[in-house]
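Only one structure is covered here, and it is reproduced in the block below.
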Amino acid sequence: FSDVYPSDWAYKALTSLAARTGCVAADPSGSLTRYEAAALLNECLGEVAQLNEEERRLVNEFAPELAVIKGRIDGLESRIGELEAGQFSTTTKMSGKTTFVVGGYDRNVETAGSNQTDGSVTFNYSTQFNLNTSFTGSDLLYTRIKTGNFTNSAFGSKTYGNYLAATNNNADALKVDKIWYQFPVGDNFTVWAGPKIENYYMLASAPSIYKPVFKQFSLGGNAGAYAASTDGGFGVAWVQSVDDRSQPRFAVSTNYVSKGASNAAEQGGGILTDAQSKWLTKFEYGAPRWQVSFAVAKEMCNTTNSSNTGESCKSWQEYYATDKGNNAGTGEATSYSTRAYWKPEDVGMVPAIQLGYDIRSIDDNDVADSVEATASWMVGLMWDDAFIDGNRAGLAYGSRAHATEIQGETASNDDDADDNRVWEAYYDFQVSDNITVTPAIFGGNDVKNGTDDDIFGGLVQTTFKF
């Protein structure tokens, strides 16, 4: 065939390979030329630990085009030989990254009338190893191992919103950070289950396209329904079938996590006991370039004694909250999160846009001075291929989760940080396919409690992928 159309076996095989390996940012839409198909195949082969029968058929079909792309056919044959002879496992592929961070920040201390640096400029690292194991070609056993030394770093605490997406506080010890198993059921469903997983991994698609430097800006604002913790849990997602992947489609995801999943204690232990657990459901509609979604999560507490008279509740949104906004309360809570994003068809001056808004309602049974509602929001902008192909610029601005309703609220017990603002700006220099250098500046006002909590800082982050 001259071109590759969605109805062709090769098109279906290529889109399946791309979806399984994640080798491209967006699935192909519409017909492909043979050279476009060969380029996609060439890119995805680098993500495959072992060629299956269908992938061999694709290699044979597009061998002439691959030969042109790679210079000569011998290079392709050598690559296939390496894949089959040099793999460390027949079922598992390992990748990883190491991040170096140099930076610090100043905090304005109003009571002292001067600026205070919370520690000197620090130099830290984190390293993670990703083990992706597939037994059938469509399932996945995912294991993530991490280490780092950010414990006493300028970026090791969540208090002022300066906890990085790359931060790890394992004190140089290697630890299993995530582990779960997922598998498809038919053409439309995916199921997840694992002893170490967060709710946002068990979704039909991510709620945000913004790539943050600081963790508070992840997920379109790390609060509300998406505020998470690594726990034991399970989930399922359904995605509507469409004839063309570029068409809009509906999807629904629901999942459950419990802080007591690995604990056999009578109070606060076990899974499916509602002990410090969270049940999240996300509804979404969108296409590869845009999406709108709504999520609701029920946060449950656990009793603290055998008479069932006390409750202990987890504070889930600690990455993106003021002191009062982070108040876990003494009763169950319900969070609501709205997300929307849009990406331009062509890169240029117009950025990709991410929006997020969260509210949280806490049932504290009218306890005096208790926080009964919180809210947060963020806006994220990204420019791909900014100034130079492969580079990226990003800017985020928002308000951390803060108390909007307090039982018996007065001037003395309200949230003095309810007008807080936080921001970050960065630029990714793509030094090579495997090395990225990211200078960034960040800041905020009234980020904690409205006193001594205006901050400004900068850093340089270098990421090595392998």
Side-chain angles (χ1 to χ4, degrees), residues 97-128 146-173 210-218 221-223 317-323 325-326 378 380-382 391-401 417 420-431 435-465:
K97 68 178 179 180
T98 291
T99 304
F100 292 170
V101 178
V102 179
Y105 70 95
D106 285 338
R107 178 167 60 93
N108 182 47
V109 180
E110 298 174 4
T111 54
S114 62
N115 288 349
Q116 172 179 315
T117 300
D118 287 352
S120 303
V121 171
T122 56
F123 189 0
N124 302 95
Y125 85 97
S126 65
T127 294
Q128 74 176 53
K146 295 190 76 172
T147 187
N149 68 343
F150 280 84
T151 304
N152 298 311
S153 165
F155 307 105
S157 170
K158 310 175 185 78
T159 302
Y160 298 104
N162 52 316
Y163 192 98
L164 301 175
T167 292
N168 181 274
N169 293 330
N170 284 355
D172 299 317
Y210 181 75
K211 308 297 184 184
V213 173
F214 289 87
K215 194 161 185 175
Q216 64 180 355
F217 293 118
S218 64
N222 204 331
Q317 50 190 20
E318 56 188 344
Y319 290 105
Y320 196 51
T322 66
D323 276 357
N326 193 37
M378 71 87 68
L381 306 176
M382 285 196 313
N391 291 357
R392 177 172 57 209
L395 173 67
Y397 183 76
S399 176
R400 308 180 85 196
N420 77 88
R421 296 291 185 270
V422 287
W423 60 272
E424 70 172 25
Y426 69 87
Y427 187 78
D428 284 341
F429 288 99
Q430 196 74 30
V431 178
I435 303 176
T436 304
V437 177
T438 306
I441 56 175
F442 61 96
N445 62 278
D446 295 337
V447 298
K448 182 177 183 288
N449 56 20
T451 303
D452 300 344
D453 54 2
D454 294 347
I455 67 167
F456 176 79
L459 60 86
V460 176
Q461 176 175 287
T462 305
T463 303
F464 307 88
K465 294 182 178 180

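Note: hydrogens, waters and symmetry copies are ignored here, and every other heavy atom, side chains too, is used. Since we're looking at a predicted model, the values are computed, not measured.
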Does [X] reach the main-chain N or O of [Y] with its side chain, forming a donor-acceptor pair under 3.5 Å?
X	Y	result
Asp428	Thr436	no
Thr167	Phe155	yes
Tyr320	Ser399	yes

Rounded at 0.5 Å granularity, tell me how far [atom1] in [X] sits from [atom2] in [Y].
X	Y	atom1	atom2	answer
Gln216	Glu424	CD	CD	7.5 Å
Lys465	Ile435	NZ	CD1	12.0 Å
Arg400	Asn222	CZ	CG	10.5 Å
Thr463	Gln430	OG1	CD	9.5 Å

Self-check item: Within-4.5 Å side-chain heavy-atom neighbours: Phe214 and Tyr319
Solution: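 In short, these two side chains do not touch, never coming nearer than 4.5 Å.
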
Side-chain H-bond candidate by donor/acceptor type, [X] with [Y], under 3.5 Å:
X	Y	value
Thr322	Asn420	no
Thr147	Asp172	no
Asp453	Tyr160	no

Self-check item: Shortest non-hydrogen separation from Phe442 to Leu459 and the atoms involved
Solution: CE2-CD2, 4.4 Å

